[in-house]
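Encoded as structure tokens, the structure appears first; notes follow it.
Order of the sequence lines fixes the chain letters, A, B, ..., with proteins taken first and strands second; residue numbering starts at 1 for each chain.
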Number of protein chains: 2
Amino acid sequence: MNEMIDATDVRILQILIRDAKRSNKEIGEEVHLTGQAVGARVRKLQDLGVIEGYTVKWNPDRLGLGLKAFVTVFLNSGDKHAAFRAFVAGREDIVEVHRVSGEGCYLMRVQTGTTEQLGELLEALLPLGNYRVSLSIGVEKSSS
Amino acid sequence: MNEMIDATDVRILQILIRDAKRSNKEIGEEVHLTGQAVGARVRKLQDLGVIEGYTVKWNPDRLGLGLKAFVTVFLNSGDKHAAFRAFVAGREDIVEVHRVSGEGCYLMRVQTGTTEQLGELLEALLPLGNYRVSLSIGVEKSSS
DNA sequence: GGTGAAAACTAGTCGGC
DNA sequence: GCCGACTAGTTTTCACC
């Protein structure tokens, strides 16, 4: 059950990352396999935890969520970590949170509709610590 | 052809973000519609550009790409932007690049296998400008 | 581990409401 | 704008190599 991942598996994964709607048969033609062989490998990748799930790439701008920002968080004290995690779990506008070493304690990716909403988020964050905001004014590259 | 997006469309989108492999029929049961009505709405969302494509969520750790970092880039001079864009376009380990206001010129999300590879990336970046690295040591939240 | 053929399910298209 | 029936394509499961 502990199988290795060969180059073909990686190729299949890369194809699926680019477009998960491709059929197994179509992928099979590209990697010189039949559709059901590709299906078996995809299932293996899922069982191994390499593939965690399937999602859609969506455009936040078209839904009035055009504001993207990176917020570096500096917590006031060490006992604020639990409160911070509860805070981010309850907010839909916080898309991604990383515990980081370097600048600050956490770095989170935020997605809101207006600057007012971003301001409200930052204000709610203040009791926990300080922050530094980098507002995205253009995406050069995204999820290669 | 210029249609509005109602609450049902958003619900369908949220379901697809969580799991794009759900069938239209299954989604229809959740939003009280038939499968083909869901399919029509999904097609509408694609035509409107809200849904840009389908991808897989994959686990970099399982492929020996466990190092995640955020690099804030401070370009040396204004004429380095073109060179920087060419630089990031050619590197697979740079996953995401944002033009930002605030700290630095660009903020990019990097994904490498080892610290040596990260060091090599940063060294290659040096001719273009300075940088500040925040190494991710744990993901609290990811792509809600 | 991969291939081949049959079964179950799915999405897309048609007319009708 | 949505529903029901039909068709085409897909994934899945089986035995076999």
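A centroid separation of 6.0 Å or more is found between the aromatic rings of A:H98 and A:Y106. Aromatic ring centres of B:Y131 and B:F74: separated by at least 6.0 Å.
A heavy-atom distance below 4.5 Å is found between the side chains of A:L75 and A:L128.
Between B:K25 atom NZ and C:dA11 atom P the separation is 9 Å, expressed in whole Å. Note: CD (B:E29) to P (D:dC2) measures 17 Å, nearest angstrom. Rounding to whole angstrom units, NZ of residue B:K21 and P of C:dA11 are separated by 11 Å. A straight line from CZ of B:R43 to P of C:dT13 spans 6 Å, rounded to a whole angstrom. Atom CG in A:N24 sits roughly 18 Å away from atom P in C:dC9 (whole-Å rounding). Here the P atom of nucleotide C:dA11 and the CZ atom of B:R41 are 16 Å apart, to the nearest Å. For the pair B:H32 NE2 and D:dC3 P, the interatomic distance rounds to 12 Å; values are reported in whole Å. Distance CD1 (A:I27) to P (D:dG9): 18 Å, rounded to an integer number of Å.
Proximity note for B:L33 (side chain, C-beta onward) versus C:dT10, D:dC2, C:dG4: the nearest is D:dC2.
For A:Q36 against C:dG2, no side-chain N or O and base N or O form a donor-acceptor pair under 3.5 Å.
The side chain of B:T34 places an N or O atom within less than 4.0 Å of a non-bridging phosphate oxygen (OP1 or OP2) of D:dC3.
Looking at A:E52 and B:N59, their side chains do bring a donor and an acceptor atom within 3.5 Å of each other.
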